[in-house]
Novice: 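One structure, as structure tokens, below. Some questions next.
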Amino acid sequence: MAVLLRFMFSPHPPSLCWLEKYLSVSIVKLLEKLNEKWSSVEKQPYPAMYSSIFGGIILDPAMMVIPIDDHMVHRGHGVFDTAIIFDGYLYELDVHLHRFLQSAAKAKICSPFPQSVLRSILIQLTSASQCRKGTLRYWLSAGPGDFLLSPAGCPTSAFYAIVIDDNFSQCKVGVKAITSTIPMKSPSFATMKNVNYLPNVLSVIEAEEKGASSSIWVDDKGCIAEGPNVNVAFITREKELVFPFFDKILRGCTARRLIELAPKLVEQGILKSVKTDNLSVEEARGAAEMMYVGSTLPILPIIMWDDQPIGDGKVGALTMALSDLLWNDMVAGPDTQRFPVPYL
């Protein structure tokens with residue numbers, strides 16, 4: 001930095017040869033700095049990334065970067081989604097990709113590629129990563145261009161994707177939750193999976209500061225909404241599985257799949273019914289069981305809410321039966337849900 005400042009303010013700028021030498025040294029130093037973070041890591045958490053800006057797959061985590069003038073970076077003009085990599089299969093890739101493009105349309109972002117090409121890129125990326133268990137996260141942004149509010153100066157949208165090595169497991173231990181005091185997003189933004197996650201971040205920080213795992217949002221009419229990055233569901237004392245209506249919140253792909261699978265427990269007489277409904281806070285607090293529902297969980301039991309036990313304050317049998325349904329679907333579900341990754 002000192003050399004740079006001397007150059008900037010010197011009344012006698014250095015020669016072009018010196019500048020070329022300085023720039024070449026700077027590039028070397030920059031690469032050293034970028035690699036410094038990863039030099040002592042035993043296992044790289046990000047085995048592969050794709051960038052439409054670079055036009056290919058990147059295997060060096062130090063080079064997994066996004067331009068600072070990307071509209072997603074400085075204006076939050078981007079959408080994202082996630083698919084699970086489980087035992088060498090991509091779980092629910094197509095339903096996530098469909099929601100991803102729906103979000104992009106709402107955000108007025110045109111994909112640089114058709115859906116079939118996006119899908120092919122994601123499969124090739126997963127294959128190149130050699131990751132058998134983790135998550136595949138991907139973004140569409142208005143693209144790099146300038147720092148203005150309008151994306152008119154962004155020549156083309158950008159597509160990024162990254163594989164995250166993550167050895168997640170089925171959640172069997174209950175957690176504590178709180179009611180968030182952070183204002184929730186309006187329905188138009190909540191139903192679009194966009195990168196504007198500051199309210200979500202603040203709601204989790206609030207929960208952690210109070211010794212809880214996460215939080216619950218309640219809408220302006222006093223009805224249960226969702227968690228900061230998961231759906232929330234309840235088992236009533238009449239053994240009904242109830243999800244809040246999805247008109248004001250994001251319809252989770254895992255929640256959708258659970259609603260498809262749960263009738264199996266109704267057929268077995270374990271559950272009475274499966275439904276979506278408006279659920280007041282008072283009704284929710286009287287539930288027998290409570291849970292978060294999300295991709296990598298797939299179900300996380302909630303046993304305490306605002307320091308009050310849910311049911312008997314223990315992980316419920318019905319919660320775990322639902323968790324087993326989803327977990328078994330991830331392990332050995334139908335071909336419509338699981339795509340085998342063609343690893344090289």
Novice: Evaluate the side-chain proximity of His98 to Gln102: yes if any heavy-atom separation is below 4.5 Å, no if none is.
Specialist: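 Gln102 vs His98: side chains touch.
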Novice: Would you verify whether the NZ or CZ of Arg256 falls within 45 degrees of the ring axis of Phe246 while also being under 6.0 Å from that six-membered ring's centre?
Specialist: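 No - Arg256 does not lie over the ring of Phe246 by the 6.0 Å and 45° rule.
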Novice: Take atom NZ of Lys176 as the centre, draw a 6.0 Å sphere, and report whether it contains more than 12 heavy atoms from other residues, nucleotides or ligands.
Specialist: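 For Lys176, atom NZ is not crowded (no more than 12 foreign heavy atoms under 6.0 Å).
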Novice: Can you establish whether the number of heavy atoms outside Tyr89 located under 6.0 Å from its atom OH is more than 12?
Specialist: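 It does not: Tyr89 OH has 12 such atoms or fewer within range.
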Novice: What are the two closest non-hydrogen atoms of Ile270 and Lys239, and how far apart are they?
Specialist: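 Closest approach of Ile270 to Lys239, heavy atoms only: O-CD, 3.7 Å.
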Novice: Taking it one step at a time, do Lys185 and Trp217 satisfy side-chain contact (heavy atoms from CB on, under 4.5 Å)?
Specialist: CA-CA 10 Å; Lys185 298 175 185 176; Trp217 267 314; 5.6 Å; no
Novice: Between Asn35 and Ser39, does a side-chain contact (heavy atoms from CB on, under 4.5 Å) hold up when you go through it step by step?
Specialist: CA-CA 6 Å; Asn35 281 288; Ser39 59; 5.8 Å; no
Novice: Working to the nearest 0.5 Å, report the span between OG1 of Thr236 and NZ of Lys275.
Specialist: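 So the OG1 of Thr236 and the NZ of Lys275 are separated by 7.0 Å.
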Novice: If every non-hydrogen atom of Asn196 is compared with every non-hydrogen atom of Gly76, which pair is closest and at what distance?
Specialist: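 Heavy atoms of Asn196 and Gly76 come nearest at ND2-O, 3.1 Å.
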Novice: Please work out whether the ring planes of Phe159 and Phe113 are parallel, tilted or perpendicular, with thresholds of 30° and 60°.
Specialist: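 Ring orientation of Phe159 relative to Phe113: perpendicular.
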Novice: Donor-acceptor check, side chain of Ser273 to backbone of Glu240, threshold 3.5 angstrom: yes or no?
Specialist: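 Flag not set: sc Ser273 to bb Glu240 has no pair under 3.5 Å.
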Novice: Rounded to the nearest 0.5 Å, what's the gap from OG on Ser215 to CD on Glu206? Could you check?
Specialist: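 So the gap between those two atoms works out to 6.5 Å.
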Novice: Please tell me if the side chains of Val163 and Leu136 come closer than 4.5 Å, counting only heavy atoms from C-beta onward.
Specialist: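 SC-SC contact between Val163 and Leu136 confirmed.
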Novice: Which is it for Thr135 and Asp166 under the side chain to side chain donor-acceptor pair (under 3.5 Å) test, yes or no, and what are the steps along the way?
Specialist: CA-CA 7 Å; Thr135 55; Asp166 186 9; 5.4 Å; no
Novice: May I ask you to test the Leu97-Asp81 pair for a side-chain heavy-atom distance under 4.5 Å?
Specialist: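 Answer no - side chains too far apart.
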Novice: For a quick test of reading the model, state the closest non-hydrogen atom pair linking Leu59 to Pro47 and the distance between them.
Specialist: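 Answer, listing the atom of Leu59 first, then Pro47: CD2-O, 3.6 Å.
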Novice: Hydrophobic cluster membership, with links at side-chain heavy-atom distances under 4.5 Å among I/L/V/M/F/W/Y: are Val204 and Val195 in one?
Specialist: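 No, Val204 does not connect to Val195 through the hydrophobic network.
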Novice: Do Leu125 and Tyr138 have side chains that get closer than 4.5 Å, going by heavy atoms?
Specialist: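 SC-SC contact between Leu125 and Tyr138 ruled out.
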Novice: Tell me whether Tyr46 at atom OH has more than 12 heavy atoms from other residues, nucleotides or ligands lying less than 6.0 Å away.
Specialist: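 Check fails, neighbour count at 12 or below.
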Novice: With a cut-off of 6.0 Å (strictly less than), are more than 12 heavy atoms of other residues, nucleotides or ligands near CZ of Phe189?
Specialist: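 At most 12 heavy atoms, drawn from other residues, nucleotides or ligands, come within 6.0 Å of this atom.
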Novice: Check step by step if side-chain contact (heavy atoms from CB on, under 4.5 Å) holds for Tyr91 and Asp329.
Specialist: CA-CA 9 Å; Tyr91 181 67; Asp329 197 54; 2.5 Å; yes
Novice: Which heavy atom in Pro112 sits nearest to a heavy atom in Ser157, and how many Å separate them?
Specialist: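 So the minimum-distance heavy-atom pair works out to CD-OG, 3.1 Å.
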Novice: Return the minimal non-hydrogen interatomic distance between Val73 and Ile66, and the atom names on each side.
Specialist: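 The pair with the smallest heavy-atom distance is CG2-CG2, 3.8 Å.
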Novice: Would you call Arg257 and Glu260 a salt bridge, taking side-chain N to carboxylate O under 4.0 Å as the test?
Specialist: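 Here Arg257 pairs with Glu260 in a salt bridge, since their nearest N and O are under 4.0 Å apart.
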Novice: To the nearest 0.5 Å, how far apart are OG in Ser51 and CH2 in Trp139?
Specialist: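 One gets 11.5 Å once the value is rounded to the nearest 0.5 Å.
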Novice: My understanding is that a hydrophobic cluster links ILVMFWY residues whose side chain heavy atoms are under 4.5 Å apart, including indirect links. Using that, what else belongs to the cluster containing Ile303?
Specialist: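 Besides Ile303, the cluster holds Met304, Val315, Met320.
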Novice: One pair to check against side-chain contact (heavy atoms from CB on, under 4.5 Å): Leu93 and Ile123. What are the steps and the verdict?
Specialist: CA-CA 9 Å; Leu93 172 63; Ile123 292 169; 4.1 Å; yes
Novice: Just by distance, do the side chain of Arg99 and the backbone of Arg251 share a donor-acceptor pair under 3.5 Å?
Specialist: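 Such a contact is found between Arg99 side chain and Arg251 backbone.
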Novice: For His74, is the NE2 atom crowded, meaning more than 12 foreign heavy atoms sit under 6.0 Å from it?
Specialist: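 Enclosed: over 12 neighbouring heavy atoms sit under 6.0 Å from NE2 of His74.
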Novice: Got a sec, which hydrophobics cluster with Ile302, joining ILVMFWY side chains under 4.5 Å apart, including via others?
Specialist: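 Noted: Ile302 shares its cluster with Val175, Ile216, Val218, Ile224, Val230, Val232, Phe234, Val242, Leu279, Val281, Met290, Tyr292, Leu297, Leu300, Trp305, Ile310.
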Novice: With the 4.5 Å side-chain cut-off for hydrophobic clustering, are Ile162 and Val117 part of the same group?
Specialist: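 No, separate clusters.
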Novice: Please examine the side chains of Ile109 and Ser103, heavy atoms only from C-beta on, and report whether any two atoms are closer than 4.5 Å.
Specialist: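 The answer is no, as the side chains (C-beta and beyond) never meet within the 4.5 Å cut-off.
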Novice: In terms of hydrophobic clusters joined by side-chain contacts under 4.5 Å, are Phe100 and Tyr197 together?
Specialist: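 No, separate clusters.
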Novice: Side chains of Asp94 and Thr336: closer than 4.5 Å at any heavy-atom pair?
Specialist: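 No, every pair of side-chain atoms sits at 4.5 Å or beyond.
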Novice: Does Asp312, at its CG atom, have more than 12 non-hydrogen atoms belonging to other residues, nucleotides or ligands within less than 6.0 Å?
Specialist: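 Count over threshold, so yes.
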Novice: Do Ile299 and Leu261 sit in one hydrophobic cluster, given that two such residues count as connected whenever their side-chain heavy atoms are within less than 4.5 Å of each other, even indirectly?
Specialist: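 They do share one cluster, since a chain of ILVMFWY contacts under 4.5 Å joins Ile299 to Leu261.
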Novice: A quick test of your reading: do over 12 heavy atoms of other residues, nucleotides or ligands sit less than 6.0 Å from CD of Gln268?
Specialist: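 Yes.
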Novice: Of all the heavy-atom pairs spanning Ala158 and Pro144, show the shortest one and how long it is.
Specialist: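 Closest heavy-atom pair between Ala158 and Pro144: CB-CD, 4.3 Å.
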Novice: Considering only heavy atoms from C-beta outward, does the side chain of Arg75 approach that of Leu148 to under 4.5 Å?
Specialist: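 No, their side chains stay 4.5 Å or more apart.
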Novice: Do Met49 and Leu31 sit in the same hydrophobic cluster, where Ile, Leu, Val, Met, Phe, Trp and Tyr count as joined when their side-chain heavy atoms come under 4.5 Å apart?
Specialist: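 Linked, Met49 and Leu31 end up in one cluster.
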Novice: How long is the straight-line distance from CG of Leu258 back to CG of Leu325, given to the nearest 0.5 Å?
Specialist: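 If we round to the nearest 0.5 Å, Leu325:CG and Leu258:CG are 7.0 Å apart.
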Novice: Kindly confirm or rule out a cation-pi arrangement of Arg132 over Tyr343, judged by NZ or CZ under 6.0 Å from the six-membered ring centre and within 45° of its axis?
Specialist: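 Yes, Arg132 sits over the ring of Tyr343.
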Novice: Tell me if a side-chain donor or acceptor on Ser323 pairs with a main-chain N or O of Thr319 at a distance below 3.5 Å.
Specialist: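 Flag not set: sc Ser323 to bb Thr319 has no pair under 3.5 Å.
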Novice: Just verifying a value: how many Å separate Lys172 NZ and Trp327 CH2, rounded to the nearest 0.5 Å?
Specialist: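 Interatomic distance, Lys172 NZ to Trp327 CH2, rounded to 0.5 Å: 9.0 Å.
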Novice: Heavy atoms, side chains only, cut-off 4.5 Å: are Trp38 and Met64 in contact?
Specialist: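 A side-chain contact is absent here, since even the closest heavy-atom pair is not under 4.5 Å.
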Novice: Is it possible for you to check whether Lys133 lies under 6.0 Å from the centre of the six-membered ring of Phe168, through NZ or CZ, and within 45° of that ring's axis?
Specialist: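 Yes; both conditions hold, so Lys133 lies above the ring face of Phe168.
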Novice: Distance check, rounded to the nearest 0.5 Å: Cys154 atom SG versus His71 atom NE2?
Specialist: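 Rounded to the nearest 0.5 Å, the SG-NE2 separation comes out at 5.0 Å.
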Novice: When you measure from the side chain of Arg137 to the backbone N and O of Phe80, does any donor-acceptor pair fall under 3.5 Å?
Specialist: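 No; judged by distance alone, with no hydrogens or angles, the pair does not exist.
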Novice: Quick one: does any side-chain atom of Asn231 pair with a main-chain N or O of Ala255 as donor and acceptor, under 3.5 Å?
Specialist: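 Checked: no pair found.
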